[in-house]
Amino acid sequence: MKIALIGATGMVGNVMLQVLAERNFEMTELIPVASERSVGKHISFKNKEYTIVSLQDAVNKNPDIALFSAGGDTSLEWAPKFAAVGTTVIDNSSAWRMDPEKKLVVPEINGDVLTNNDKIIANPNCSTIQMVVALAPLHMKYGMKRLVISTYQSITGTGVKAVNQYEAEKEGKTPDDMAYNYPILDNCIPHCDVFLDNDYTKEEMKLVNETIKIFSDDSLRITATAVRVPVQGGHSECVNVEFHNDFEIKEVRKMLNEAPGIIVQDDLANNKYPMPLFSKNKNEVFVGRLRKDESADNALNMWIVADNLRKGAATNAIQIAQYLVENNLVGIKV
């Protein structure tokens with residue numbers, strides 16, 4: 001089992017290495033790939049040194065799985081080249097998510113759609129992943145009708161440049177390179193990704209379109225507002241969901257407690273509820289503040305938090321890889 005990691009030196013790539021080690025993912029060879037300026041340098045993984053190679057050299061090595069976290073342009077150019085030699089690509093960018101020929105996968109929800117013919121598999125957006133994990137068991141039981149989503153997204157979702165801006169501002173310095181149009185320290189910026197023609201941001205429309213695709217339900221009505229906040233531990237989401245059928249909070253809490261990958265923190269008497277402060281470096285999705293919306297029929301308010309670099313990116317991608325291995329869906333070469 002040969003695993004290529006494209007973007008091995010990046011923020012998500014580093015977390016992928018951590019998750020691969022923590023989950024003891026079995027492989028015979030790790031093939032780290034980064035930009036041309038990094039080729040020949042070394043990275044450490046499980047107390048061994050590995051030499052960074054170029055994308056073409058990685059293709060030539062015929063890996064079984066290629067984990068991509070190097071941006072959409074790189075994925076569009078190179079994912080098909082890996083797929084052409086029989087490698088299964090799991091891509092963390094937005095390049096393939098809305099391609100009707102590509103699967104958009106969160107293993108707990110729709111891993112069963114995968115076959116050995118799927119050579120390019122899309123990892124959903126970070127804010128989408130944590131939300132659909134929490135919503136999936138409720139959708140199966142009550143049938144979702146409409147979602148109103150407000151996100152409070154970590155600066156780590158923007159990348160190293162944003163973290164550097166935040167750290168510089170925290171120290172009272174002027175950042176060398178601004179990731180945002182405004183200071184992020186002591187601020188909230190209602191602008192995640194670029195604005196589109198409909199005045200929503202690309203991030204907001206990812207929540208809409210990816211959720212519909214994952215649940216295969218064009219009848220869902222979804223609206224979203226995404227806000228960048230000065231937090232490093234993870235993304236938080238306030239989700240108002242209207243169901244077709246009525247529900248009881250006690251039953252909702254029980255279903256979420258029993259669902260894979262979810263930890264319910266909903267103990268108001270002891271002030272226990274999800275927060276990014278405690279989700280950092282965790283793989284689970286945390287759910288709390290469960291309460292009926294008293295202004296609408298069959299409506300629920302939820303607060304959902306997860307580490308966007310973990311379940312929102314690296315962990316989900318590696319869970320897909322594990323699903324492929326466990327179900328003998330990789331290793332078929334041309």
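These numbers come from a predicted model, not from an experiment.
- Looking at heavy atoms from C-beta onward, His235 lies out of side-chain contact with Thr151 at the 4.5 angstrom threshold.
- Using a 4.5 Å heavy-atom threshold, the side chains of Ile214 and Pro124 count as touching.
- With sequence neighbours excluded, the residues that form a side chain to side chain donor-acceptor pair (under 3.5 Å) with Asp267 are Asn270.
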Taking distance alone, no hydrogens or angles, what donor-acceptor pairs closer than 3.5 Å link side-chain atoms of residues 39-51 to residues at least two apart or in another chain?
| residue | atom | partner | partner atom | Å |
| --- | --- | --- | --- | --- |
| His42 | NE2 | Thr51 | OG1 | 3.2 |
| Lys46 | NZ | Asn24 | OD1 | 3.0 |

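- Screening residues 129-147 for side chain to side chain donor-acceptor pair (under 3.5 Å) gives Tyr142-Glu251 as the qualifying pairs, with residues at least two apart or on separate chains.
- Under the 4.5 Å side-chain criterion, counting only non-hydrogen atoms from C-beta, Asn164 is not in contact with Asp176.
- Among Phe82, Trp78, Trp96, the one residue that satisfies the ring-ring contact (aromatic ring centres under 6.0 Å, His included) test with Phe68 is Phe82.
- Looking at residues two or more places apart in sequence or on another chain, you find no side chain to side chain donor-acceptor pair (under 3.5 Å) involving Glu77.
- Considering only residues two or more places apart in sequence or on other chains, Ser150 meets the side chain to side chain donor-acceptor pair (under 3.5 Å) condition with none of them.
- Side-chain atoms of Leu207 and Ile222, non-hydrogen and from C-beta on, never get closer than 4.5 Å to each other.
- Contact check on Lys254 versus Glu258 returns a salt bridge, with a Lys/Arg side-chain nitrogen under 4.0 Å from an Asp/Glu carboxylate oxygen.
- Applying the side chain to side chain donor-acceptor pair (under 3.5 Å) rule to pairs touching residues 9-21 yields Gln18-Arg310, sequence neighbours excluded.
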